[in-house]
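This report refers to the structure that appears directly beneath it.
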Amino acid sequence: LPATATVSGASQANGYIIAGGNGYFYRTGTAAGSYIITYPIGDVSYYSPMAITTIAGSDYTGSLGVKTLSASGAKSLAKIWDVTSTGLTLTSATATFTYNDAEANGDESTYKVWHLGTSGWENPATASISTSTNEISTGSTGSFTGYWTAGVTAPAITWYSYLSGDWDNWETWTLDPSGTTRINSSNSIPGAIDKVVILNGRTVDITTTNKTITYLNIEEGGVLDIGN
């Protein structure tokens, strides 16, 4: 969406832009104000907009994108917002993500906000959730890109081998089940609660100890090399 363009009227009833799978809804711009809009996205079932209220940085020429991903977990939202940027140098941003009650699993009153960055799932001190309005707020955060969701616990993610390489290299992993497109805007590797699928034709090398996940599937033709 160019900086001069606007979108209005999006809602659960009126319709919205489905941004998921390999596609993002992008906003391009050259100034901070270009990105302070409501991003009218959702999945096939629910309208799930992201609204940016403040943004700061030193370079605004580029694009900011967001899409939704499905999540699994008995005590977390069934949705993750994947925020990415290209060409931007940001120091802080404040945004809200809106979900539907039907996507809440477990005791919503005990939900915490979760952000997945390069060091794994964490609970940002600035973040909060309103269960009355179904809104997750990032607060003013310096770590805006990556995955955002809420739950009693963080959701499990299924990682697929994108290419052959080291387990500890984020470039080895993708959220794309086919393994053909890199979807990993948080530059993450599989965490302790996650699932891993090593696809046909890919070799993943383990060169450090103490790997913990909840599920591992090595497809025919895939290799997990644990060394000596």
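Everything numeric here is computed off the predicted structure, so don't read it as measured data.
- Sequence neighbours left out, the pairs with a member in residues 25-47 that pass side-chain hydrogen bond (donor to acceptor under 3.5 Å, both in side chains) are Asp43-Lys79.
- Listed here is the closest heavy atom pair of Phe144 and Trp148: O-NE1, 2.8 Å.
- Placement of Trp167 and Ile226 within a single hydrophobic cluster is found when ILVMFWY residues are connected by side-chain heavy-atom separations under 4.5 Å, directly or transitively.
- Residues Leu116 and Ile129 are members of separate hydrophobic clusters, defined by side-chain heavy-atom contacts under 4.5 angstrom among Ile, Leu, Val, Met, Phe, Trp and Tyr.
- A donor-acceptor pair under 3.5 Å is formed between the side chain of Ser11 and the backbone N or O of Asn14.
- With rounding to the nearest 0.5 angstrom, the CD1 atom of Ile52 is 8.5 Å from the OG1 atom of Thr54.
- In the hydrophobic cluster analysis, where Ile, Leu, Val, Met, Phe, Trp and Tyr join through side-chain heavy atoms closer than 4.5 angstrom, Phe25 is grouped together with Met50.
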Side-chain donor/acceptor pairs under 3.5 Å, residues 152-163, sequence neighbours excluded:
| residue | atom | partner | partner atom | Å |
| --- | --- | --- | --- | --- |
| Trp159 | NE1 | Asp194 | OD2 | 3.1 |
| Ser161 | OG | Leu199 | N | 2.8 |

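- Nearest heavy-atom pair across Ile80 and Tyr147 is CG2-CB, 3.5 Å.
- Here the straight-line distance linking atom CD1 of Ile55 with atom CG of Leu88 works out to 6.5 Å at 0.5 Å rounding.
- When the side chains of ILVMFWY residues are joined at heavy-atom separations under 4.5 Å, either directly or via intervening members, Leu77 and Ile193 end up in two distinct hydrophobic clusters.
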| request: Assess whether side chain to side chain contact (heavy atoms under 4.5 Å, CB included) is satisfied between Thr133 and Thr96, documenting all intermediate values. | output: CA-CA 11 Å; Thr133 61; Thr96 58; over 6 Å; no
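- A distance of 5.0 Å separates CG in Asp176 from CD1 in Ile183, rounded to the nearest 0.5 Å.
- Between the Asp59 side chain and the Thr89 main chain, no donor and acceptor come within less than 3.5 Å of each other.
- Within 6.0 Å of atom NZ in Lys211, more than 12 heavy atoms from other residues, nucleotides or ligands are found, so the atom counts as buried in its surroundings.
- One hydrophobic cluster, built from ILVMFWY side chains closer than 4.5 Å, cannot hold both Ile18 and Ile41; they sit in different ones.
- Residues Lys112 and Trp114 share a closest heavy-atom pair of O-CD1, 3.3 Å.
- The nearest pair of heavy atoms linking Ala150 to Ile136 is CB-CD1, 3.7 Å.
- Between Thr138 and Ala93, the shortest heavy-atom distance links the atoms OG1-O, 3.9 Å.
- Atom CG of Leu90 sits about 7.0 Å away from atom CG of Leu64, to the nearest 0.5 Å.
- Counting only distance, with no hydrogens or angles, the side chain of Thr91 and the backbone of Ala56 share a donor-acceptor pair below 3.5 Å.
- Counting heavy atoms from C-beta on, the side chains of Ser140 and Ser92 come closer than 4.5 Å.
- Atoms CG and OG1, on Leu69 and Thr149 in that order, are 10.0 Å from each other to the nearest 0.5 Å.
- Among residues at least two apart or in separate chains, there is no side-chain hydrogen bond (donor to acceptor under 3.5 Å, both in side chains) pair with a member in residues 212-221.
- Looking only at distances, no side-chain donor or acceptor of Asp166 sits under 3.5 Å from a matching main-chain atom of Val204.
- Between the side chain of Ser130 and the main chain of Glu135, no donor-acceptor pair closer than 3.5 Å is present.
- Put simply, the side chain of Asp82 never gets that close to the backbone of Lys67: no donor and acceptor are under 3.5 Å apart.
- To the nearest 0.5 angstrom, Ile218 atom CD1 is 12.5 Å from Asn200 atom CG.
- For the 3.5 Å distance criterion, the side chains of Asn105 and Ser76 fail to qualify, holding no donor opposite an acceptor.
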| query | Checking side chain to side chain contact (heavy atoms under 4.5 Å, CB included) for the pair Asn134/Asn100: CA distance, chi angles, key distance, verdict? | reply | CA-CA 7 Å; Asn134 292 351; Asn100 190 284; 5.6 Å; no
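- Under the 4.5 Å side-chain criterion, counting only non-hydrogen atoms from C-beta, Thr172 is not in contact with Ile189.
- A pairwise comparison of heavy atoms in Leu175 and Pro177 identifies O-CD, 3.2 Å as the closest pair.
- Judged by distance alone, with hydrogens and angles left aside, the side-chain atoms of Thr110 form a donor-acceptor pair with the main-chain N or O of Asp107 at under 3.5 Å.
- When atom types are taken as modelled, the side chain of Ser48 and the backbone of Phe97 share no donor-acceptor pair closer than 3.5 angstrom.
- At a threshold of 4.5 Å between non-hydrogen side-chain atoms, the residues Ile37 and Thr6 do not count as touching.
- For the side-chain contact (heavy atoms from CB on, under 4.5 Å) test with Ser185, the passing option among Val83, Val66, Thr84 is Thr84; the others fail.
- Judged by distance alone, the side chain of Trp173 and the main-chain N or O of Ser188 form no donor-acceptor pair under 3.5 Å.
- No donor-acceptor distance shorter than 3.5 angstrom exists from the side chain of His115 to the backbone of Trp121, with no hydrogens or angles considered.
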| request: Could you walk me through whether Asp101 and Thr131 pass side chain to side chain contact (heavy atoms under 4.5 Å, CB included), step by step? | output: CA-CA 9 Å; Asp101 273 329; Thr131 57; over 6 Å; no
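- At a threshold of 4.5 Å between non-hydrogen side-chain atoms, the residues Thr174 and Thr181 do not count as touching.
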